[in-house]
Amino acid sequence: MDTSERERSERERPTADRPESLADLLGGRRGAVDATVPPVAFTLGWLLTGRSVVGGVVVAVLAGSAVALWRLRRGSRPRSVLVGLLAVCVAALVALYTGRAVDFFLVQLFSNTASALVWAVSIAVRWPLLGVLVGVALRQRGRWRRDRALVRAYARGSWVWAATYALRVAVFLPLYLGDRVVELTVARAALSWPLVAAALTVSWLVIRRSLPAGHPGLRHPAPTRAADPDGT
């Protein structure tokens with residue numbers, strides 16, 4: 001680890017004055033900010049080129065590429081950067097194929113629908129996705145599932161995230177069906193990083209309030225609390 005990485009690690013390490021949160025463990029807000037750039041760029045390009053889908057696509061891909069390069073220079077994982085850029089390219093191809101500007105947002109509509117279902121199913125099968133993500137971030141593998149209280153807390157926190165995706169679908173779908181490109185762009189930006197920041201905060205509060213007094217925390221699952229490893 002070089003000096004800059006060590007300093008960054010020290011800054012991000014939780015302290016007694018600033019306890020660890022989901023934002024510390026999962027991040028997400030910066031990626032959500034980056035994800036708003038291509039849709040906004042698409043709509044601006046579409047409007048400035050006389051509502052040309054090709055013009056909007058060119059501007060969106062250029063903006064997405066610029067964001068990808070910037071994130072790589074900032075040390076983001078290449079795979080996550082490429083996935084983000086691939087999503088922009090797929091959205092662009094869909095819009096070019098159909099010739100409808102509103103279809104640039106179709107991928108987002110489908111992905112949010114799928115995400116809401118995945119989060120809900122993960123809770124139903126007692127593998128709450130929030131627990132899976134935090135477990136991976138903390139390199140716990142499946143140890144967290146042996147803590148009954150922790151699984152229950154993750155399940156409740158996961159409902160917050162399922163609700164955010166469902167909210168997006170509820171807002172996006174009528175705008176998409178109404179061919180409201182500008183309004184859809186505004187909604188896409190408004191329901192990106194502000195919603196992610198809110199979900200991180202609210203789900204963290206839900207988890208903390210769901211854990212019993214004296215629980216050692218997310219980093220220290222307590223297997224003795226779980227009579228049934230699948231219990232929630």
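Numbers for residues simply follow the sequence, beginning at 1.
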Non-neighbouring partners of L72 that pass side chain to side chain contact (heavy atoms under 4.5 Å, CB included), sequence neighbours left out:
P78, V81

Distance-only donor-acceptor hits, side chain of residues 39-46, under 3.5 Å, sequence neighbours excluded:
{"residue": "T43", "atom": "OG1", "partner": "P39", "partner atom": "O", "Å": "3.2"}
{"residue": "T43", "atom": "OG1", "partner": "T185", "partner atom": "OG1", "Å": "2.5"}
{"residue": "W46", "atom": "NE1", "partner": "R51", "partner atom": "O", "Å": "3.3"}

Looking at CG of L69 and CZ of R73, how far apart are the two atoms once the value is rounded to the nearest 0.5 Å?
8.5 Å

Residue set satisfying side chain to side chain contact (heavy atoms under 4.5 Å, CB included) with T49, at least two apart, ordered chain then number -> S52

Looking only at heavy atoms, what is the nearest atom pair of P216 and A222, with distance?
CG-CB, 4.3 Å

Got a second to check how far T36's OG1 is from W193's CH2, nearest 0.5 Å?
9.0 Å

State which residues pass side chain to side chain donor-acceptor pair (under 3.5 Å) with Q140; sequence neighbours excluded, sorted by chain then number.
none

Would a hydrophobic clustering, with Ile, Leu, Val, Met, Phe, Trp and Tyr connected at side-chain separations under 4.5 Å, put V118 with V125?
yes

Taking only distance into account, with no hydrogens and no angle test, what donor-acceptor pairs under 3.5 Å do side-chain atoms of residues 130-138 form with protein atoms, sequence neighbours excluded?
none

Return the minimal non-hydrogen interatomic distance between P128 and S158, and the atom names on each side.
CB-OG, 3.5 Å

Are the side chains of V196 and W161 in contact, using a 4.5 Å heavy-atom criterion?
yes

Listed partners of Y165 passing side chain to side chain donor-acceptor pair (under 3.5 Å), at least two apart:
none

Can you name the closest pair of heavy atoms from L129 and S122 and give their distance?
N-OG, 3.0 Å

Just verifying a value: how many Å separate R71 CZ and L82 CG, rounded to the nearest 0.5 Å?
10.0 Å

Look at the side-chain heavy atoms of Ile, Leu, Val, Met, Phe, Trp and Tyr, link any pair under 4.5 Å apart, and say whether V90 and V54 land in one connected group.
yes

ILVMFWY network linking V181 to L106, side-chain heavy atoms under 4.5 angstrom
yes

Which heavy-atom pair separates A187 from L175 by the least distance, and what is that distance?
CB-CD1, 3.9 Å

Determine whether more than 12 heavy atoms belonging to other residues, nucleotides or ligands lie under 6.0 Å from atom CZ of R180.
no

Using the side chain to side chain contact (heavy atoms under 4.5 Å, CB included) criterion, which residues pair with L167? Sequence neighbours excluded.
V171, L191, L195

Counterpart residues, side chain to side chain contact (heavy atoms under 4.5 Å, CB included), relative to V53 (two or more places apart):
V57, A95, L96, A101

Closest heavy-atom pair, H215 versus H220, reported as atoms and distance to 0.1 Å, is CE1-O, 4.2 Å

Among L150, V206, D147, find the residue that satisfies the side chain to side chain contact (heavy atoms under 4.5 Å, CB included) test when tested with L211.
L150

Atom of P212, atom of A149 and distance for their closest heavy-atom approach
CD-CB, 3.7 Å

Any side-chain heavy atom of L47 within less than 4.5 Å of one from V182?
yes

What residues form a side chain to side chain donor-acceptor pair (under 3.5 Å) with R100, not counting sequence neighbours?
D103

Rounded to the nearest 0.5 Å, how far apart are CZ of R209 and CZ of R156?
12.5 Å

If you round to the nearest 0.5 Å, how far is CZ of R145 from CH2 of W127?
4.5 Å

Any side-chain heavy-atom pair from L218 and W144 closer than 4.5 angstrom?
no

Same cluster for V102 and F110 if Ile/Leu/Val/Met/Phe/Trp/Tyr side chains link at under 4.5 Å?
yes

Could you state the interatomic distance from CZ (R152) to CD1 (I207), rounded to the nearest 0.5 Å?
13.0 Å

Linked, directly or transitively: L184 and V94 (ILVMFWY side chains, under 4.5 Å):
yes

